[in-house]
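Note sheet for the following structure.
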Amino acid sequence: MQNLWDRARCLLKDRLDPDAFNKWIAIIRPCENEGGRLTLEVPDTYTAKHIQDNFAEKIKDALWDTTHRSVGVDFRVAQPDPSASLPVSAVPSDRKAGGQESPGIQNDIDRLKERFTFENFIVGDCNSFVHSAGLAVSRDPGGAYNPLFIYGGVGLGKTHVLHAIGHQIRRENPRLKIVCTSGETFTNIVMNAVNSKSMDSLRSKFRGLCDVLLVDDIQFVSSSQFVQTELFHTFNALYNDGKQVVITSDQPPSALDVLMDRLRSRFEWGLIADIQPPDEETRVRILLRKAQIEEYDLPFDVAEFLASRYSGSVRELEGALNRVSAHALLMKQAITLDMARRISIKTLNEGRGRVTSERVIRTVADYYNLSPVDIRGPKRHRAVSIPRYIAMGIIRDHLKFSLPQIGRIFDNRSHTTVLSGLKTLDKMVQTEASVNNAIRDICLTLGFM
Ligand code: ADP
Ligand code: MG
């Protein structure tokens, strides 16, 4: 059984985003395999529900690919070990009047990515202000720069700086409790608490839980009055207690329509810092540093060549380097300028080959760190609906698909649903630079520009 799960787990590791894998799959323990059903143990009911809702199909697929048989999956909540003590930042699980356990929020707290430190962050004119602000906050959390609001386009290093602040504070002040979350996760936490009628405990938990609150991609918080009010009260409580809050977003607070006014004005109280795309010299330094971290030789002329070809987001730039280094590794060759040129030309030609709707969806998904299933599927929060509208828009404009054809690709949506999504997109294109930049970068990748 362990063997079966280990093999399925290996497949899942390849198929899922590393964060999702570490957060939701790595924690599963197989415990029974009877009558074609596998029972998997998870830490609590909330985790069980989340895995059931989001990963059950992927787990079943992986089991099928491992055994070529259909394997049923059940989840069981692990019995707490009474001798185990709680970790410092864990939340004691409280019980409601009925004795039913309410979901803990510790499972929703994102881990800080190990690689996202200040040491690994290359500073140039484009980001030196954010870098200094981040260091100042790390030295004096809750001090002069509270809240710190960081904004900039996709793939420019916002999450990197946010996590770097977390790492630095942890290093300088290990006793401080750090909570790292995102607009989307915060929304899920609030919604789950509402569903399980545990709002009161959720509020006290959030406020009692952290000295530093890091919120990534606030633009993806739900516009629901309820969620926003909860965020507002959480922010106020932390702020009044002198706790540090750091927020990232794709736009400045003033342009964030999704936020209600009183929340927006709170975010404007502190320091607002933006990140711009890096200039060519900074791009070269980023590439050289990445090669150094991953311990391979990157000749300077190759770094210069890639930096001159990829001028948009740092994520794209890193993607180009990854392709070259993966090729070198596979072919057991050293990286050369000639190799980098050939690979870039090949990518460009592939980009110019026939583009299918499937490829559009995959490219949009990659750009936003989502899966194609998310893009096509039923989820409605902004973190997936905006990428979905963008995919629909590109398929309409470049592949010339009709509305009903687009509807069929996107989980059989009706043509009126597609139309309303496209209208929203057309409006956003007029007002939101981030959406425009995303469409431009994605179309570039697809060879449409
Ligand atoms: P964002 O959150 O703005 O979309 P990320 O923080 O995820 O972007 O950054 C995308 C990638 O680019 C990450 O791998 C990150 O480490 C890298 N990156 C961005 N800016 C820098 C920088 N100045 N130095 C080194 N790496 C960077
Ligand atoms: Mg990010």
Side-chain angles (χ1 to χ4, degrees), residues 17-20 110-135 148-168 180-186 214-221 246-252 256 272-294 298 303 306-307 310-323 325-326 364-370 382-384 386-387 390 432-435 437-438 440-442 445:
D17 166 88
D19 286 347
D110 298 331
R111 291 207 186 94
L112 299 178
K113 254 195 193 164
E114 230 169 276
R115 186 169 68 78
F116 285 4
T117 58
F118 279 123
E119 290 76 27
N120 291 342
F121 190 75
I122 300 297
V123 185
D125 287 346
C126 54
N127 56 25
S128 63
F129 187 56
V130 161
H131 179 253
S132 310
L135 282 179
L148 171 63
F149 192 102
I150 297 168
Y151 75 92
V154 173
L156 296 186
K158 301 181 296 296
T159 302
H160 190 136
V161 175
L162 188 76
H163 288 205
I165 293 173
H167 284 301
Q168 194 66 20
C180 183
T181 184
S182 67
E184 186 195 344
T185 307
F186 186 86
L214 309 174
V215 189
D216 205 6
D217 288 329
I218 191 82
Q219 73 273 16
F220 292 138
V221 75
V246 185
I247 300 146
T248 75
S249 162
D250 62 349
Q251 292 177 74
L256 269 176
I272 301 177
D274 72 320
I275 301 195
Q276 295 292 331
D279 55 38
E280 195 161 327
E281 185 242 311
T282 310
R283 295 202 293 275
V284 171
R285 285 193 291 129
I286 289 175
L287 291 172
L288 293 172
R289 178 84 184 110
K290 187 168 155 62
Q292 189 191 16
I293 295 169
E294 295 180 8
L298 176 66
L306 293 174
Y310 295 87
S311 58
S313 84
V314 181
R315 192 173 292 140
E316 296 265 310
L317 183 68
E318 286 189 341
L321 178 60
N322 287 342
R323 280 194 291 277
S325 66
V364 174
D366 284 350
Y367 184 84
Y368 282 103
N369 262 337
L370 296 167
R382 286 168 57 86
V384 290
I386 296 171
I390 290 178
E432 296 197 17
S434 62
V435 170
N437 292 341
R440 189 203 53 212
D441 287 353
I442 292 163
T445 311

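Just so you know, these numbers come straight off a predicted model, no measurement behind them. Remember, it's 1-based here, ligands and their atoms both numbered in the order they're listed.
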(message) Applying the side-chain contact (heavy atoms from CB on, under 4.5 Å) criterion to F149, which one of V246, D274, I218 satisfies it?
(response)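 Between F149 and the candidates, side-chain contact (heavy atoms from CB on, under 4.5 Å) is satisfied uniquely by I218.
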(request) Please check if the distance between the ring centroids of H131 and F118 is under 6.0 Å. (result)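 Ring centroids of H131 and F118 are less than 6.0 Å from each other.
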(request) Give a yes or no on this: more than 12 heavy atoms of other residues, nucleotides or ligands lie within 6.0 Å of atom CG of N322. (result)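 Above 12, so yes.
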(request) List nothing but the number: protein N/O/S atoms under 2.8 Å from the Mg ion (ligand 2). (result)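 For the Mg ion (ligand 2), the figure is 1.
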(message) When you compare the side chains of T282 and D279, does any donor N or O come within less than 3.5 Å of an acceptor on the partner?
(response)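 Indeed, the side chains of T282 and D279 share at least one donor-acceptor pair under 3.5 Å.
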(message) Under 4.0 Å between a side-chain nitrogen and a carboxylate oxygen: does that hold for R315 and E318?
(response)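 Salt bridge: no.
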(request) For residues L287 and L306, report the shortest heavy-atom separation together with the two atoms involved. (result)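 Nearest pair, atom of L287 first, then L306: CD1-CB, 3.8 Å.
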(request) Looking only at non-hydrogen atoms, find the nearest pair between E119 and Q168 and report the distance. (result)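 Heavy atoms only, the tightest pair is OE2-OE1, 4.4 Å.
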(request) Run through ligand 1 for me and note each protein residue having a heavy atom under 4.0 Å from it, chain first, then residue number. (result)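 Protein residues near ligand 1 are R115, F116, N120, F121, I122, N127, G153, V154, G155, L156, G157, K158, T159, H160, I286, V314, R315, E318.
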(message) Taking side chain to side chain donor-acceptor pair (under 3.5 Å) as the definition, give me every residue that meets it alongside D217, ordered by chain and number, with sequence neighbours left out.
(response)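 Once residues adjacent in sequence are excluded, the partners of D217 under the side chain to side chain donor-acceptor pair (under 3.5 Å) criterion are Q219.
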(request) For E281, enumerate each residue passing the side chain to side chain donor-acceptor pair (under 3.5 Å) test, keeping only those at least two apart in sequence or located in another chain. (result)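 Testing E281 for side chain to side chain donor-acceptor pair (under 3.5 Å), a comparison that skips the adjacent residues, returns R285.
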